[in-house]
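Every chain is numbered from 1 and lettered A, B, ... according to where its sequence line falls, protein lines coming before strand lines.
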Amino acid sequence: MIDLKLLTDDFEATAARLARKRVPRDLLVQARDLGEGRRQVTRQVDDARQEMNAGSQAVGRLMREGRREEADALKEGLADTRHRIDTLEVQRRQIEATLDEVAARIPNLPDDAVPDGASDEDNRLLRTHGYDPADYEGHTYEPHWEVAARLGIYDGERAAKLSGGMFSLLRGGGARLLRGLVDYALDLHRDRYLEIAPPHAVRSEVITRTGHLTKFESQAYKLRDDDLWLIPTGEVPLMGMHQGEILPETDLPLRYMAYTVCWRREAGAAGKDTRGLQRLHEFHKVELAELCRPEDSESELAALLADCERSLQGLGLPYRVVELCAGDLTFSASKVFDLEVYSPGVDKWLEVSSVSSVTDFQARRGAIRYRKDGGGTALVHSLNGSGLATPRVWAAIIEHGQQPDGTVRLPPALVPYVGIEILTG
RNA sequence: GGAGGGAUGGCAGAGCGGCCGAAUGCGAGGCUCUUGAAAAGCCUUCAGGGGAGACCCUGCGUGGGUUCGAAUCCCACUCCCUCCGCCA
């Protein structure tokens, strides 16, 4: 949720900033007017309440003094005030319900430094690391699902038999590679991030307040008999942990990492990049997430990006860093860097990490604040990025490591974790 | 799953119809004293909203209800603790 005060205090500038995210102006006008309406009704409620409180106190005084009849008379008069309060409260609730719905459709403000643009075509390529097209000339690369199926380390058909499309089943060295990748990532980042092993199912309230469950979109799976949702990313429990808390400033920044399974319904994604392990309903990921002071979020974002890049660098995978343009930013994000690994098997760049700053957008809905040293409280900023999303990185390792004899050579950094140098099936 | 007990400010913990946003202690901040520190003393210290301000409104797990008036009484829910059962 954005700060609605921005709409009352500086409407034009705010509308201009949001226009870069294609937010219609009339939605903002509606939100501003509802906010103003709420303020007015609230003031009326407050006044009526004050009257009520004063009256009630007077009743108490009269009773104590034994002036029963006067007290009864005053009580009768107060019934009117009571009705007025009730009526105004109903009004206020209606306004608030509408306002909540309208406000829920307003995305976060894009950072001013983010490039203009409407779609991914306008994203800005910042740099490429470890990629030289010449490396791939004269070689043929099979897609990972073909290499892996032949080696017997991936069985897509049985995965489908068990669970349907977009699920994976890894065997032998393939399963070990997955486990090794997770351990590799957790070890790599433990110098800066506290490892958390969180629950994988969370309450409606928690997932809603992280912004991963809205009326318009639900990627998450719901448990039938309980008010619980399977997490679509480790970010949900990591950011949910501190909801409603006021943190000491000295605790910030709080940097966490968690290895979790992630479940996503991927509604509407059928048939799109779904071969092999490109897009799954269930996958494994090491997520990095943090809370920090607003003044630190820019430098923390840079550091977080560097950390996520380290994961790929250590594996020797060629990747590029893309800064998303305003129009391509996700709803909550203020600034996003995507990390894309080159996949020689399909000759495409595949997104393996999305490193985001959501400023105070998530903290406002989650009520995550900190107590400032100078006094007072303020909302924290939150950031997150994939430390290592296993399916696509797994796939990239298979494609890059394929050798003429059909086996796959693993990156040296993984050998201690997987226990072998070459996957032979 | 069954039976009890509980949920109050940063923490501990009183309060059990009006004088309670709330005693007391700890913690934190400021001041006095001191060469400095400690100790001692004095003061301040929950959050959100409205108002130029005086000040006002809201919040005692959450949601309803009773009442002129609810932290306090009633109902439902959530969570925590103890015991029993089951169990990786």
Side-chain angles (χ1 to χ4, degrees), chain A residues 1-9 31-100 103 197-209 213 222-223 225-229 237 240-252 254 261 291 293 360-380:
Chain A
M1 205 169 74
I2 67 159
D3 183 1
L4 291 174
K5 268 190 193 147
L6 290 171
L7 293 176
T8 45
D9 295 353
R32 181 193 59 189
D33 293 350
L34 283 164
E36 175 61 22
R38 177 179 61 176
R39 217 189 85 238
Q40 280 175 14
V41 174
T42 299
R43 197 187 311 189
Q44 291 176 53
V45 172
D46 286 357
D47 288 348
R49 275 233 163 84
Q50 186 181 353
E51 205 178 303
M52 190 77 204
N53 290 343
S56 293
Q57 276 167 29
V59 170
R61 211 176 313 120
L62 292 171
M63 297 284 270
R64 241 172 293 121
E65 291 167 6
R67 295 151 74 182
R68 171 69 60 86
E69 282 180 23
E70 289 170 74
D72 286 346
L74 185 51
K75 273 194 213 178
E76 272 183 47
L78 286 174
D80 189 53
T81 310
R82 179 81 261 167
H83 285 141
R84 208 162 74 241
I85 291 172
D86 291 345
T87 310
L88 287 164
E89 283 286 14
V90 169
Q91 241 183 75
R92 178 164 72 169
R93 278 184 212 198
Q94 283 169 350
I95 292 174
E96 270 174 358
T98 316
L99 178 58
D100 285 348
H200 285 63
V202 299
R203 305 164 179 286
S204 291
E205 195 194 344
V206 171
I207 188 171
T208 301
R209 296 215 285 172
L213 185 66
K222 173 85 171 66
L223 297 191
D225 293 331
D226 296 282
D227 178 35
L228 291 171
W229 298 78
M241 281 198 295
H242 293 296
Q243 281 175 4
E245 295 182 8
I246 300 177
L247 305 159
E249 179 163 356
T250 49
D251 282 6
L252 301 177
L254 283 170
V261 181
L291 302 173
R293 302 185 303 173
D360 61 8
F361 196 79
Q362 195 172 41
R364 180 167 296 105
R365 185 150 36 174
I368 308 175
R369 292 167 291 173
Y370 71 103
R371 196 175 300 285
K372 296 203 270 187
D373 284 343
T377 62
L379 294 167
V380 301

Note to self: Under 4.0 Å, counting only non-hydrogen atoms across every strand here, what does R68(A) touch: a base, just sugar-phosphate, or nothing?
What the structure shows: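 No contact.
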Note to self: What I want to check is whether the side chains of Q40(A) and E36(A) have a donor and an acceptor closer together than 3.5 Å.
What the structure shows: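 There is such a pair (donor and acceptor under 3.5 Å, judged by atom type) between the side chains of Q40(A) and E36(A).
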Margin query: Between D47(A) and R43(A) (salt bridge meaning N to carboxylate O under 4.0 Å), is one present in this structure?
Written below: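 R43(A) and D47(A): not salt-bridged.
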Checklist line | Name of the residue among D360(A), L247(A), V380(A), I246(A) meeting side-chain contact (heavy atoms from CB on, under 4.5 Å) with R369(A) | finding: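 It is I246(A), the one option of D360(A), L247(A), V380(A), I246(A) that forms the side-chain contact (heavy atoms from CB on, under 4.5 Å) with R369(A).
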Item checked: Any donor-acceptor pair under 3.5 Å from R364(A) side chain to M1(A) backbone ->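 Here the side-chain-to-backbone pair exists.
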Which of these nucleotides, [options], is closest to any side-chain atom of [X]?
| X | options | value |
| --- | --- | --- |
| Q50(A) | G18(B), C57(B), C46(B) | C57(B) |
| V59(A) | G69(B), U58(B), G18(B) | G18(B) |
| R93(A) | G10(B), C68(B), G64(B) | G64(B) |
| I246(A) | G69(B), A47(B), U58(B) | A47(B) |

In whole Å, what separates the [atom1] atom of [N] from that of [M]?
| N | M | atom1 | answer |
| --- | --- | --- | --- |
| U34(B) | C19(B) | C1' | 43 Å |
| G51(B) | A12(B) | C1' | 37 Å |
| G21(B) | C26(B) | P | 25 Å |
| G4(B) | U8(B) | P | 22 Å |

[N] OP1/OP2 closer than 4.0 Å to side-chain N/O of [X]:
| X | N | result |
| --- | --- | --- |
| R61(A) | G69(B) | no |
| T377(A) | C46(B) | no |
| R39(A) | G51(B) | yes |
| R43(A) | C57(B) | no |
| R64(A) | G18(B) | no |
| R82(A) | U67(B) | no |
| N53(A) | U58(B) | yes |

Margin query: Assuming nearest nucleotide by heavy-atom distance, tell me which of R369(A) and L78(A) is located more 5' along RNA chain B.
Written below: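 Residue closer to the 5' terminus by nearest nucleotide: R369(A).
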Next item on the list: Write down the distance between CD1 (I85(A)) and C1' (C56(B)), rounded to a whole number of angstrom.
Entry: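 It is 13 Å, rounded to the nearest whole Å.
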